Amino acid sequence: MSLDPRILKESFSRLENEPGKAAGFFYGRLFAENPRLRALFPPAMGAQCDRLFHALGRIVWSQDSPDELSAYLARLGRDHRRFGVLPEHYPAVGAALIATLRTFAAEVWSAEAEAAWSAAYRSACDTMIAAAERDAATAPPWWVAEVVEHDRRAADLAVLTLRPDASLPYTAGQYVPVQTARWPRVWRPYSIANAPRPDGLLSLHVRALPAGWVSGALVRHTRRGDTVLLGPAMGTMTLDPDSGRDLLLVAGGTGLAPAKALVEQLAASGHRRDVHLLMGARTARDLYDLADLRRLESEHPWLKVVPVLSDAPDGERDGDVPHRPHGPLPDVLERLGGWDGHDAYVAGPAPMVRRTVTVLQRLGLPLTRVHHDLLRAEEIPSPDGPRPRVQPPGQARSVGSVGSVGSVGSGEAAEATEAAVSGGTGVARQRHGG
């Protein structure tokens, strides 16, 4: 049958009126009728409920953009492999979904609405299952990786070097989901901080959040010789192979990780493109990787590293830059200017990414050349405010292109969400929060 998107949107809007109750009903129904499925889900379900509504919203609002919907569902199907989801699990989820809609959208529910949702769900399942089967033919659902080095740079920050048990393909600028033995079924995305290497080693920059489950385990409770699980690489913050423009890399906190990987890729390729790397931190003590960046800068004359401190007192230095710019990264970018001929890559806390994108647009940089993964990051809602309504695809892109970076992945926003659910006090920051 031909789907009428209006029917899906009308009934879905009723669920959005009571998202917490609707999600609780959905999972209660699912687990009551299929108790074995509970083992596929994380211990704390707060963030999982938000992801459910995000996925449903994407299905509803993308009906008019079938190519975009298909790409999203294919990625979702591939992602579900690492959770152990099998084709036979989908009907149970569909039955719980229909029961939830029938209950919470009762005033607009009809045989036509049930048929429309059943058809939309079947189509989504077919796309997800097909994508998972294609992926299974060429890649495992996860890789076991040994921690070969654990460098504690600060009380709350560590740089981990990992050796996967098999080749893990990725491109500089991407990130990988990580699961620790301490928290089974809880995955967090972290950007890879190096370009692909012949020995296959991966480097991750991890800052532990208060009550952060995975980040705390990786920083405080992981040692050399331990193992973690890695999911397949994701993300689109990769270099444009057809561009020869100079690069502006803007990194806040551990958003430095993908920026450093891009620098290493340029160095290995031999292509000459001038690169300005602006790395933001609160104080000089937070410039945890400055020594290695200075080494790269000394080896490659096309690289200029500019530390930017937001909270440093007047006169504070890193030892080799007497007149470093101070203030929030977006403000410093605006003061410096001259970026209209560059390709820009932005990684860091979501508010910083949004402001930086706005500033670069105001300075004349087309959004098609401003790369970040902010839209992907927003699939993990913040506990500090109301649940954001899932916007239709055309509206969601008003912030910038789905280009690349970096705010998806250090998993810190999801950890803050679960900290709030479990009574913790985390501050909601995106993957690269400082």
Side-chain angles (χ1 to χ4, degrees), residues 1 3 5 8 12 30 34 37 39-42 47-48 50-98 116-143 164 166-171 173-179 185 187-189 192 229-238 373 375-380 390 392-393 396-397 401-404 408-409 411 414:
M1 64 174 288
L3 287 178
L8 301 180
F12 180 66
L30 177 65
N34 307 272
L37 294 186
L40 301 179
F41 292 83
Q48 186 64 36
D50 289 326
R51 295 187 190 108
L52 167 68
F53 268 84
H54 182 89
L56 290 176
R58 288 292 294 266
I59 292 173
V60 168
W61 289 107
S62 297
Q63 288 296 318
D64 298 321
S65 305
D67 291 343
E68 176 177 307
L69 178 58
S70 179
Y72 170 74
L73 291 172
R75 190 187 75 218
L76 207 59
R78 292 190 296 270
D79 288 353
H80 277 54
R81 292 186 60 219
R82 59 188 162 92
F83 295 101
V85 175
L86 301 174
E88 53 264 34
H89 295 148
Y90 285 89
V93 174
L97 174 61
I98 295 299
W117 271 100
S118 296
Y121 182 75
R122 283 195 302 270
S123 177
C125 290
D126 289 345
T127 301
M128 293 172 65
I129 291 169
E133 290 175 346
R134 288 193 300 271
D135 194 57
T138 59
W142 60 73
W143 287 255
S167 176
L168 194 164
Y170 73 96
T171 302
Q174 290 191 304
Y175 57 90
V176 288
V178 180
Q179 176 184 281
R185 304 186 306 282
W187 295 81
R188 295 289 179 265
I192 302 171
L229 296 185
L230 304 178
M234 296 182 284
T236 54
M237 184 175 164
T238 56
D373 274 341
L375 294 179
R376 190 62 206 281
E378 289 178 337
E379 295 178 14
I380 306 174
V390 179
R397 277 194 177 61
S401 69
V402 182
S404 304
V408 174

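As the structure is a computational prediction, the values presented were derived from the model and not from experiment.
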Least distance between heavy atoms, I59 atom then A124 atom: CD1-CB, 4.2 Å

The criterion is side chain to side chain contact (heavy atoms under 4.5 Å, CB included); which residues satisfy it with P5, sequence neighbours excluded? K9, Q63, D64

Distance col, row E68:CD vs W61:CH2, nearest 0.5 angstrom, shows 13.5 Å

Given the rule in the side chain to side chain contact (heavy atoms under 4.5 Å, CB included) test, do Y72 and D67 qualify, once you have shown the distances and angles that lead to the verdict? CA-CA 9 Å; Y72 170 74; D67 291 343; over 6 Å; no

Not counting sequence neighbours, which residues clear side chain to side chain contact (heavy atoms under 4.5 Å, CB included) with T127? List them please. S70, L73

Can a donor-acceptor pair be found, under 3.5 Å and without considering hydrogens, that links the side chain of S62 to the backbone of R58? yes

Student check: side-chain heavy atoms of Y170 and V176 closer than 4.5 Å: no

Residues which pass side chain to side chain contact (heavy atoms under 4.5 Å, CB included) with A130, listed by chain and number, not counting sequence neighbours: R134

Residues Q174 and G235: closest non-hydrogen pair is NE2-O, 2.9 Å

What's the spacing between Y121 OH and L56 CG if we round to 0.5 Å? 9.5 Å

Quick check for you: to the nearest 0.5 Å, what is the distance between H89 atom NE2 and L37 atom CG? 5.5 Å

Tell me, do W117 and F12 make a side-chain contact under 4.5 Å, heavy atoms counted? yes

Using atom types as modelled and distance alone, determine if a side-chain donor or acceptor of R185 lies under 3.5 Å from a backbone N or O of A39. yes

Taking all atoms of both residues into account, what is the closest heavy-atom pair of L230 and P164, and its distance? CD1-CG, 4.3 Å

Give every donor-acceptor pair under 3.5 Å between a side-chain atom in residues 135-143 and any protein atom, sequence neighbours left out.
from, atom 1, to, atom 2, distance (Å)
D135, OD2, R81, NH1, 2.7
T138, OG1, D135, O, 3.4
W143, NE1, S167, O, 3.0

Taking side chain to side chain contact (heavy atoms under 4.5 Å, CB included) as the definition, give me every residue that meets it alongside S118, ordered by chain and number, with sequence neighbours left out. I98, E114, R122

Mind checking what makes side-chain hydrogen bond (donor to acceptor under 3.5 Å, both in side chains) contact with Y90, not counting sequence neighbours? none

Minimal non-hydrogen separation, G84 against L40, with atom names: O-CD2, 4.0 Å

What one should report as the nearest heavy-atom pair of P232 and P177 is O-CD, 3.3 Å

Within this structure, what is the CG-CE distance for the pair D79 and M128, rounded to the nearest 0.5 Å? 8.5 Å

Heavy atoms of P169 and A233 approach each other most closely as O-CB, 3.6 Å

Would you please name every residue forming a side-chain hydrogen bond (donor to acceptor under 3.5 Å, both in side chains) with Q179, sequence neighbours left out? W187

Rounded to the nearest 0.5 Å, how far does CG of L76 lie from NE2 of H80? 4.5 Å

